[in-house]
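Shown next, in structure tokens, is the structure this report addresses.
What you see is a predicted model; the values in this text were computed from it and never measured. In what follows, chains carry the letters A, B, and so on, assigned in the order in which the sequence lines appear, proteins first and then strands, with residues in each chain numbered from 1. What's counted below: heavy atoms across the whole structure, side chains too, no hydrogens, waters or symmetry copies.
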Number of protein chains: 2
Amino acid sequence: MAFEYEFPRPALATDCVVFGFDGSELNVLLVKRGIEPYINVYAFPGGFVHIDETVDECARRELYEETGVKDVYMEQLYTFGDIDRDPRGRVVTVAYYALVRSTDYFPHGGTDASQAGWFKINELPPLAFDHKKILETAKQRIQNQIRYRPIGFELLDQKFTMTQLQTLYEAVLERKFDRRNFSSKILKTGVLDILDEKVQNVAYRAPRLMSFNRERYLQLTQEGFNFEI
Amino acid sequence: MAFEYEFPRPALATDCVVFGFDGSELNVLLVKRGIEPYINVYAFPGGFVHIDETVDECARRELYEETGVKDVYMEQLYTFGDIDRDPRGRVVTVAYYALVRSTDYFPHGGTDASQAGWFKINELPPLAFDHKKILETAKQRIQNQIRYRPIGFELLDQKFTMTQLQTLYEAVLERKFDRRNFSSKILKTGVLDILDEKVQNVAYRAPRLMSFNRERYLQLTQEGFNFEI
DNA sequence: CTAACTTTGCGTATCAAAAACGCAAAGAAT
DNA sequence: ATTCTTTGCGTTTTTGATACGCAAAGTTAG
């Protein structure tokens with residue numbers, strides 16, 4: 001007990017909701033807690049803010065330490081500051097969300113060797129603390145974000161087909177799109193490069209691959225461009 | 001020095017960006033700091049989170065204590081957690097924004113008796129800490145919010161004219177609208193009640209007054225209604 | 001090898017909303 | 001009475017969203 005202050009201070013933590021996409025469904029990365037409270041209950045990766053790191057840095061550090069995930073797209077979500085959200089005492093948490101290509105990391109379903117694993121967003125186990133509430137906030141946020149920012153590309157491999165992109169949008173927004181309208185709407189924005197390459201070893205007609213053109217996107221946003229689907 | 005912890009903890013504070021509207025321009029409520037650091041420099045009302053209040057409650061309490069403003073529309077904005085944002089040491093702040101009818105509170109420009117006052121958003125004095133950055137974040141947020149939520153009505157008197165509403169939208173979004181298109185677009189959403197009352201003592205043709213129908217708005221949002229302008 | 005089938009890629013027709021704008025009535029100022 | 005500004009209610013034009021037709025690519029089945 002070495003750190004003392006004139007007034008009591010809440011502890012400050014971060015938690016991170018990591019979304020992944022497996023080609024058909026949206027997944028969330030959870031870790032099983034090894035200590036009380038909520039021992040053996042799943043929770044989002046997170047932990048306490050160190051005094052010599054920014055809150056953003058804390059979120060990235062904790063994510064890496066607990067799951068090995070690093071160098072990913074991450075944004076602050078919301079700060080949860082209710083009094084009784086942690087039975088250990090007063091803990092305020094700054095929640096983040098991250099988007100990753102889930103194939104880059106764990107096998108789906110997790111392994112026994114690892115305490116971290118992917119879960120389908122509609123088949124989640126009970127969550128510790130107020131993490132259910134955090135998840136709902138995160139879900140709403142990406143549904144809003146994907147409509148006017150090209151965050152979807154963070155969830156796909158660098159090369160992807162139009163159908164894969166559409167399936168992702170349908171999974172996130174929980175609705176269907178017309179294949180032809182979706183394609184022309186995305187293509188006419190100009191943020192996709194069509195590659196001279198097709199998918200191999202596929203049943204029926206092989207689709208062409210495409211990739212996200214980040215330079216073109218940045219150029220368009222500066223001109224006041226809107227990415228709505 | 002009575003409160004000690006095993007690990008060092010950042011101090012946790014809130015700050016609130018209060019927007020007001022005076023009929024033609026958007027204003028921001030600032031308080032002049034009476035103590036170091038940044039003594040005599042303007043800042044947003046705010047202060048440290050008490051151990052027995054939620055973060056939301058802290059934002060409301062500090063706003064009331066420093067400016068007398070209470071019972072207003074308020075939302076969490078963003079948490080600023082850089083290491084060196086406060087010269088006193090590590091302070092993380094959860095920023096909020098609030099919308100008020102500025103006529104309900106202070107005279108514009110502030111008085112000598114009060115340390116709090118309204119400033120035109122484009123003529124602000126230098127701000128303490130990283131409050132310039134907080135302001136930019138808040139400005140972007142209300143520009144986004146006003147397009148799909150009827151937050152504009154929080155900034156007007158209960159009875160207002162269509163031209164007043166349009167002037168507000170133009171001030172917030174920093175663009176002009178066609179008077180006739182703006183009016184019909186707002187009216188066809190059904191969230192406005194047209195009152196059997198006209199503005200008095202006005203040059204030229206007197207416009208009718210209207211008011212926001214909150215029940216109708218809630219009903220429409222539940223049906224999946226979108227308020228975009 | 002041919003026919004059937006699925007997916008892709010590109011097009012057009014139809015419908016709804018956004019933007020531009022015409023015009024006369026209300027009502028004060030001259 | 002005339003002029004002037006603002007209001008209120010429309011129509012026309014343009015743009016974008018949605019629905020859907022159809023043939024080519026390429027695999028599967030007979």
#### Entry: Full working for side chain to side chain donor-acceptor pair (under 3.5 Å) between B/Thr93 and B/Asp15
CA-CA 7 Å; B/Thr93 195; B/Asp15 288 296; 2.8 Å; yes

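- Residue B/Thr163 is in sugar-phosphate contact alone, with no base atom involved, counting any heavy-atom pair closer than 4.0 Å across all strands shown.
- The aromatic rings of B/Phe212 and B/Phe153 sit parallel, their planes meeting at an angle under 30°, below the 60° perpendicular limit.
- Mapping A/Ala206 and B/Ala206 onto DNA chain D via the closest heavy atom, the residue that lands nearer the 5' end is B/Ala206.
- Chain A approaches DNA chain C within less than 4.0 angstrom (heavy atoms of the protein), and the contacting nucleotides run 5' to 3' from C/dT6 to C/dG11.
- Of the N and O atoms on the side chains of B/Glu215 and B/Gln219, not one donor lies less than 3.5 Å from an acceptor on the other residue.
- Taking 4.0 Å as the cut-off between side-chain N and carboxylate O, B/Glu154 and B/Arg214 count as a salt-bridged pair.
- In this structure, B/Asp82 contributes its side chain and B/Phe80 its backbone to no donor-acceptor pair below 3.5 Å.
- OP1 or OP2 of D/dG26 has at least one side-chain nitrogen or oxygen of A/Lys198 nearer than 4.0 Å.
- Ion pairing of B/Arg147 with B/Glu228 is absent here, as no side-chain N (NZ or NE/NH1/NH2) approaches a carboxylate O to less than 4.0 Å.
- When each of B/Arg205 and A/Val202 is assigned the nucleotide of DNA chain D bearing its nearest heavy atom, the one mapping closer to the 5' terminus is B/Arg205.
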### Task
Apply side chain to side chain donor-acceptor pair (under 3.5 Å) to A/Asp71 and A/Tyr64, showing your working.
CA-CA 9 Å; A/Asp71 300 330; A/Tyr64 179 67; over 6 Å; no

### Query
Between A/Arg180 and A/Asp178, is a salt bridge (Lys or Arg N to Asp or Glu O under 4.0 Å) present by the stated rule, with each step listed?
CA-CA 6 Å; A/Arg180 294 151 292 188; A/Asp178 179 90; 3.1 Å; yes

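- One atom, NZ of A/Lys185, and another, P of D/dA19, lie 11 Å apart when rounded to the nearest Å.
- Of the residues in residues 177-184 of chain B, those lying under 4.0 Å from DNA chain C by heavy-atom distance are B/Asp178, B/Arg180, B/Asn181.
- Here D/dG26 presents its P atom at 14 Å from CG of A/Asn201, a figure rounded to the nearest Å.
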